[in-house]
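In what follows, a single structure is set out as structure tokens and then discussed.
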There are 4 protein chains.
Amino acid sequence: MDKREQLIEIATKLFSERGYENTPLSVVCEKANVSKGLISHHFKSKDGLLREIFRKTTQLIAEINSVDNENKTPNKQLAELLESFFSQLESDKLFFQFNMNVMIQPNTRKVLDDLIQERSSFILKKTKEIFDKIDMENSLVLSHMFIAELDGIALNYLGIYEDFPLQQVKKQIIKKYVLQ
Amino acid sequence: MDKREQLIEIATKLFSERGYENTPLSVVCEKANVSKGLISHHFKSKDGLLREIFRKTTQLIAEINSVDNENKTPNKQLAELLESFFSQLESDKLFFQFNMNVMIQPNTRKVLDDLIQERSSFILKKTKEIFDKIDMENSLVLSHMFIAELDGIALNYLGIYEDFPLQQVKKQIIKKYVLQ
Amino acid sequence: MDKREQLIEIATKLFSERGYENTPLSVVCEKANVSKGLISHHFKSKDGLLREIFRKTTQLIAEINSVDNENKTPNKQLAELLESFFSQLESDKLFFQFNMNVMIQPNTRKVLDDLIQERSSFILKKTKEIFDKIDMENSLVLSHMFIAELDGIALNYLGIYEDFPLQQVKKQIIKKYVLQ
Amino acid sequence: MDKREQLIEIATKLFSERGYENTPLSVVCEKANVSKGLISHHFKSKDGLLREIFRKTTQLIAEINSVDNENKTPNKQLAELLESFFSQLESDKLFFQFNMNVMIQPNTRKVLDDLIQERSSFILKKTKEIFDKIDMENSLVLSHMFIAELDGIALNYLGIYEDFPLQQVKKQIIKKYVLQ
DNA sequence: GATGAATGAGCGTTCATTCAT
DNA sequence: TATGAATGAACGCTCATTCAT
């Protein structure tokens, strides 16, 4: 397997599990069976590796959203989006947490600034496309509120309340946005 | 002035501005005009100082919530709560960010675990007391959703979208929860 | 109880258990229920405390040896001395180890130099008084060998061989020196 | 020259001269013309460096003892052993002292525990092989006493009596064990 | 005699990065 | 591509000691 890909894969896993700042490159290299110099070689620096991982994730998000939504009703689209969000939230807890982390932590935030702008703009745009069909006038604010609500749920579920009632919240959210 | 208090004050400010992990104790001590050893003396360690700050903040939150709410309608209570939330979100951006940070970052999260439990339980309980009056049956889920929504707004406003339409979102939230 | 005495007692115990260099004064003060400043007050410094402890021990050794030996045969004296040595070696392991420690460790050795000279001269003199009666000509060398042999046994028993056959060695030593 | 070897060499010298605990790594690195990080790189920690030094010394002892003793009489073997012991005791005073030190000091003792076991077992085994030929029945106790006696002589010569009559003691010991 | 807040030098360790091979 | 020895700045922490009360 390509050592570069191997490095990204292992690093993503480790950064998710232990946090970016708490994962020395020495550990990444050890687990990936790769020498220290190779990271400099491929990614220039630790921050470069982080940027590559973040970029790849954004690409993945974009690909998922590239499915043809033209012929679907906005309700159908929201339903699918929520379904995918909640299932990922449960299956990829650590990866979710990692992404939230690097966007908040001042250090990484600075490093990723342009990429965060890019990703969040994309998400906002895609969300707004749906809400445009529902309420053209307020679609921007509605989109922001929609995104914020999901982020807040992720935040509370992942980081704060151990007994967060995810299933019931999911039901309520679907009722609110899909079955309204 | 009491050097212990001075230390807490300066540290809170610096941790908020630069993040906990990015603020060496040497800087804190320098700005507080205090020797390095004094932190060990009063707080045992850097983590000890963090815990003290977090604890104090929880106390502050508790004090604010200790006002008598018995005779107010739930709508009135929610209105006041939202007003206070949004005004603080604007005035204490950095402090908000700091609190969100330490709860997500794996390192600090571990250090503060019990204190986070304590604070979030308190917030949930107080919120639920309001929603109990509105919808006894679903009050727990509603409270969780309410808290998550506000957290999500803070997260997006503080960390993600530079042009987050805070005022319009505030208007919508008040409409939803107070003027329904 | 006199706080000064209390301090000496606790410090002796702790230094024996953990070693002088590994025992911070903060721990001594805590266990002795005494403030930090008091050590400076009574003993000037940590080294001063150590010297006081060492001095007291030497005094104790002197007192034990002050019994009247005039009318005893050298064999009787050696028998008593060996009996007392081996029984103390078993009962006061840690205290033995502590004394050996501070005499070897370069740091403490320097601090205690004069006191060590004093004590070891005394021991040599007392031992030589016995051997003078046995072999006047070689008494100095014999005394040195006798002391060295006992020290070596202590060293190996206390610090090196977990299964040092102390009882059998004791038997051999008594056979050699007393029943010859 | 290999920096790793250079580091071990300088560290051994400095630890012997000043004691392990009194020798900061900063000094070792400075004298060895090497950066601080290199110790982490090669030995993981200061304790790791100590272990490496101790291990190397044990190896050296083993090599010295690997000469063929099959055809020698036990008396001849003891003679050689004593000769080598006393000459080393005089020439490598500091190194002897260092080894004794780290075995007694509680801190280093803990760090080296397994290595001390290993070395002392080896020494005991080799000594016992000699005494087996002299007095099969008591060889274990005799070996322990022999080792203890030499250790005690080293201890008193190196650390306690400035005017220890080493030459005369040596003569007596040889008389006792070789010319008996 | 007794306290404990305050000091500050010094230590071992971590870790991203560089560079010769 | 790939290695890993080597660097060096930075950090949190320890702890004997001082001094005002």
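Naming convention: chains lettered A, B, ... in sequence-line order (proteins, then strands); numbering from 1 in each chain. The model shown is predicted, which means the values in this text are computed figures rather than measured ones.
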Starting at NZ of Lys44(A) and ending at P of dA16(E), how long is that distance when rounded to a whole Å? 16 Å
Using salt bridge (charged side-chain N to carboxylate O under 4.0 Å, His left out) as the criterion, point out the one residue from Glu5(A), Glu9(A), Glu63(A) that pairs with Lys56(A). Glu5(A)
Check: Lys36(D) side chain, dG12(E) base, donor-acceptor under 3.5 Å: yes
Given dT1(F), dA6(E), dC15(E), which nucleotide is nearest the side-chain atoms of His41(A)? dT1(F)
Choosing from dA2(F), dA6(E), dT14(F), which nucleotide comes nearest the side chain of Ser40(B)? dT14(F)
For residues Glu118(A) and Leu115(A), determine if any side-chain heavy atom of one lies less than 4.5 Å from a side-chain heavy atom of the other. yes
How close or far is atom P of dT18(F) from atom NZ of Lys46(C), stated in whole angstroms? 15 Å
From the set dA6(F), dT3(F), dG12(E), return the single nucleotide nearest to any side-chain atom of Lys3(A). dT3(F)
Rounded interatomic separation in angstrom, taking CD1 from Ile39(C) and C1' from dA5(E): 16 Å
Quick one: which of dG4(E), dT7(E), dA5(F) gets closest to the side chain of Ser35(C)? dG4(E)
I'd like to check the ring-ring contact (aromatic ring centres under 6.0 Å, His included) partners of Phe96(B); sequence neighbours left out, ordered by chain and number. Phe85(B)
How bent is the helix from dA2(E)-dT21(F) to dT21(E)-dA2(F), measuring the angle between the end axes built from five pairs each, rounded to 10°? 10°
Whole-Å gap separating C1' (dG12(E)) and CG (Asn22(D)): 15 Å
